[in-house]
Amino acid sequence: ATLTLGLILFRAAQISREEHLTIDSATLSLRLNHRPIAQVPTEAIISTLFLKQPFPTLLIITLDQVIEINELQQEIEFRAMLLAMDEAIGQSRG
């Protein structure tokens with residue numbers, strides 16, 4: 001019973017987390033529960049890549065890191081985010 005309650009509480013905590021990704025022509029920031037977990041200058045992004053298999057994932061690639069986003073619900077959300085990122089990257093490069 002304790003294990004079951006622990007698993008239920010763990011899952012509730014996972015569901016209640018707030019994740020925010022903001023991008024503009026200067027910076028991409030990823031926050032979890034209002035705490036920054038990744039921030040890179042937009043101009044440092046070398047590439048963005050959407051993978052459909054084995055599960056939908058958006059990769060943001062810089063020289064020294066890869067940021068992986070895989071918790072969106074639908075493919076269209078990934079594609080909308082990719083479009084917004086590509087637009088911001090284009091603006092940062094003039």
| request: Determine the minimum heavy-atom distance between T42 and L28, stating which atoms define it. | output: OG1-N, 3.8 Å
| note | Taking every heavy atom of E77 against every heavy atom of Q74, the minimum-distance pair comes out as OE1-N, 2.7 Å
| query | Is the closest side-chain heavy-atom distance between F55 and T57 below 4.5 Å? | reply | yes
| message | Applying a strict under-4.5 Å side-chain criterion to I, L, V, M, F, W and Y, I'd like to know whether L83 and M81 cluster together. | response | no
| said: If hydrophobic clusters are built from ILVMFWY residues whose side chains come within less than 4.5 Å, do L49 and V40 share one? | reply: no
| request: Could you pull out all residues at least two apart from I61 that satisfy side-chain contact (heavy atoms from CB on, under 4.5 Å)? | output: S47, L59, V66
| task | Sort and list the pairs that fulfil salt bridge (charged side-chain N to carboxylate O under 4.0 Å, His left out) and have at least one residue in residues 38-50, not counting sequence neighbours. | result | none
| message | Taking salt bridge (charged side-chain N to carboxylate O under 4.0 Å, His left out) as the cut-off, I'd like each qualifying pair that reaches into residues 78-92, sequence neighbours left out, listed once. | response | E75-R79
| query | Other than I76, what residues sit in its cluster of Ile, Leu, Val, Met, Phe, Trp and Tyr side chains whose heavy atoms are under 4.5 Å apart, directly or through others? | reply | none
| task | List, by chain and then residue number, the residues other than I46 in its hydrophobic cluster (Ile/Leu/Val/Met/Phe/Trp/Tyr, side-chain heavy atoms under 4.5 Å); write none if there are no others. | result | L63
| How many angstroms lie between atom CZ of F78 and atom CG of L51, to the nearest 0.5 angstrom? | 10.0 Å
| query | Got a second to check how far I60's CD1 is from I45's CD1, nearest 0.5 Å? | reply | 6.0 Å
| field | Pairs satisfying side chain to side chain donor-acceptor pair (under 3.5 Å), at least one member in residues 60-69, at least two apart | value | T62-D64, E68-N70
